[in-house]
There are 2 protein chains.
Amino acid sequence: MKTRPVGEAPHYLRIKENIIALIAEGKLRPGDRVYSESELVSAFGVSRMTANRALRELMFEGVLTRSAGLGTFVSSQRQDVDLLQIRNIAEEISGRGHTHTARLVVAERIAADAGVAQSLDIAAGIEVMRTLIVHLEDDQPIQMEERYVNPVVAPDYLANDFTRITPNEYLSQVAPITAFEHFVEAIRPDATIRRLLGVKPDQPCLRVFRRTWSGEAVVTCALLSYPGDKYRLEARSRDIPAKPARLPQESMP
Amino acid sequence: MKTRPVGEAPHYLRIKENIIALIAEGKLRPGDRVYSESELVSAFGVSRMTANRALRELMFEGVLTRSAGLGTFVSSQRQDVDLLQIRNIAEEISGRGHTHTARLVVAERIAADAGVAQSLDIAAGIEVMRTLIVHLEDDQPIQMEERYVNPVVAPDYLANDFTRITPNEYLSQVAPITAFEHFVEAIRPDATIRRLLGVKPDQPCLRVFRRTWSGEAVVTCALLSYPGDKYRLEARSRDIPAKPARLPQESMP
DNA sequence: CGGTCATGCCTGTATATACAGGTCGTGGCC
DNA sequence: GGCCACGACCTGTATATACAGGCATGACCG
């Protein structure tokens with residue numbers, strides 16, 4: 001079969017769908033060995049490169065695990081691993097058609113205490129840079145960003161005008177993000193958050209602790225605090241069929 | 001160049017690294033056109049299939065955007081798109097070496113109100129299944145799960161013993177998850193949460209609203225509530241260099 | 001009996017080639 | 001001047017082929 005009839009799905013896609021269907025039907029279970037490339041060549045009448053592409057892409061998507069000499073297997077953690085996206089604050093605000101402004105509260109160099117040193121993966125006592133910035137959406141405070149920056153990676157960090165460029169934008173120019181880590185908590189606002197975000201003591205706040213890496217080095221860590229009544233994190237996979245979402249009304253018993 | 005000297009990186013990886021480096025150095029900016037496959041063939045002395053693979057994989061990774069007839073371009077949202085993983089509750093608890101138990105509070109069929117109907121993408125008034133389950137970690141309530149299930153996708157949902165299998169596990173067996181959506185909020189606990197999770201009125205809680213799709217259909221939506229003092233969401237990219245993380249101590253001005 | 005090596009299976013990488021189809025500029029025709 | 005056909009260029013898909021290298025099994029030899 002040299003070419004493919006017009007209107008049909010590409011061969012490699014048909015193979016992928018076939019394997020995914022077998023997994024969905026339970027005929028292939030986590031840990032099971034799936035067809036080898038040569039078996040797919042016989043079964044589908046395609047070339048090995050096409051079978052290779054189907055299996056390789058399913059590996060990238062986390063569905064399969066491959067090992068040279070052994071074979072191709074169904075991944076075990078499949079159903080518990082979700083892929084998410086999170087937008088950054090400035091783009092999110094401008095995406096809503098609102099105006100983003102930032103207020104620089106603190107910009108300083110300080111010696112890293114034990115916690116910051118561990119987070120940045122450097123020795124305690126090394127001088128790091130710290131900024132405290134309040135992000136506003138149409139003049140309403142929406143995020144307090146307390147950030148520590150590794151001076152080895154971004155020595156000129158403090159030279160920026162943070163009312164014009166967000167730390168995130170600058171740092172990802174200096175050092176491309178290759179990995180990151182997030183912790184999300186619901187907290188009571190402390191005095192600083194209450195003052196800078198203008199929230200009441202009984203207003204729950206979201207706090208995100210984020211570390212980002214560039215290669216082997218930790219570039220920065222940040223504590224991002226949001227007023228709980230004005231902000232929620234959104235995270236979705238690619239390929240959501242259609243239609244926007246809406247939070248349901250409270251409907252507790 | 002037919003083959004590659006032993007010990008060197010594969011050609012397609014060298015091309016990928018080269019392009020990523022150019023982006024990191026700022027020589028290629030979001031929206032810029034990158035080399036076409038034929039240009040890479042000339043520049044690197046590889047075949048077009050190898051160049052194609054390098055560009056295609058960078059597209060899968062979200063670095064590049066490709067369009068037949070037009071060319072290949074640097075993605076614009078690159079720095080704002082993060083890939084995350086989130087574990088599910090039962091695995092998370094057993095991963096900590098603790099015991100997971102579940103208490104079924106409510107299991108019923110009810111007519112979908114407007115909010116639920118929109119969330120499940122069905123007509124209002126259709127009978128859906130609803131469960132309310134409390135998940136406990138070593139007998140401490142850690143999550144309240146209020147879930148609505150699309151009867152078209154999983155008609156036998158209520159037949160399960162939810163003290164033995166989590167809704168998540170069952171549903172992903174019935175219908176493989178192909179897409180999902182999360183909203184994370186910090187909220188004050190309402191009466192139900194306070195009663196079932198045993199939290200005080202001034203204790204902020206995390207609430208996650210999650211919808212999952214299987215193909216075109218919404219399988220289920222769930223409101224997951226966590227006590228803020230006992231729980232945080234963790235989300236990290238693949239390929240974090242090493243070393244576990246630790247939340248830093250509070251260090252506000 | 002046990003260690004070593006050969007063999008076969010499988011994946012990883014790479015090339016050369018071919019055709020299909022989208023996009024856009026250019027030049028000719030009306 | 002405006003419209004349309006054509007060609008240049010680009011990506012998408014697919015094939016046949018080749019060699020390198022990981023892994024397990026089993027045969028052979030000490």
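Lettering of chains follows the sequences in order, A, B, ..., and the numbering in each one begins at 1.
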Name all residues meeting the side-chain hydrogen bond (donor to acceptor under 3.5 Å, both in side chains) criterion together with A:T212; count only those two or more places apart in sequence or in a different chain, and write none if there are none. none
Could I get the full list of side-chain hydrogen bond (donor to acceptor under 3.5 Å, both in side chains) partners for B:D161, not counting sequence neighbours? B:T163
Is a salt bridge present between B:E57 and A:R56, judged by a nitrogen-to-oxygen distance below 4.0 Å? yes
Is the phosphate of D:dT15, meaning OP1 or OP2, less than 4.0 Å from a side-chain N or O of A:T50? yes
The dot-bracket string of DNA chain C, counting Watson-Crick and G-U wobble pairs with both distances under 3.5 Å, using [ ] for crossing pairs and | for pairs to another strand, is ||||||||||||||||||||||||||||||
Would you please name every residue forming a salt bridge (charged side-chain N to carboxylate O under 4.0 Å, His left out) with B:R48, sequence neighbours left out? B:E37
Applying ring pair (Phe, Tyr, Trp, His ring centres under 6.0 Å), can you list everything that pairs with A:F162, at least two apart in sequence or on another chain? A:Y157
Dump every N/O contact between nucleotides 8-12 of chain D and the protein below 3.5 Å, one line per pair.
from, atom 1, to, atom 2, distance (Å)
D:dC10, O2, B:G69, N, 3.4
D:dT11, OP1, B:T72, OG1, 3.0
D:dT11, OP2, B:E37, N, 2.9
D:dG12, OP2, B:R66, NH1, 2.6
D:dG12, O6, B:R48, NH2, 2.6

Qualifying residues under salt bridge (charged side-chain N to carboxylate O under 4.0 Å, His left out), relative to B:R33, sequence neighbours excluded: none
Set of ring pair (Phe, Tyr, Trp, His ring centres under 6.0 Å) partners for B:Y12, sequence neighbours left out: none
Please report, rounded to the nearest Å, how far the P atom of C:dC9 is from the CG atom of A:L40. 17 Å
Please report, rounded to the nearest Å, how far the C1' atom of C:dT11 is from the CZ atom of A:F73. 11 Å
note: A:R14, atom CZ; D:dT13, atom P; distance rounded to Å ~ 14 Å
Sequence neighbours left out, what passes side-chain contact (heavy atoms from CB on, under 4.5 Å) with A:M49? Give chain and number order. A:S47
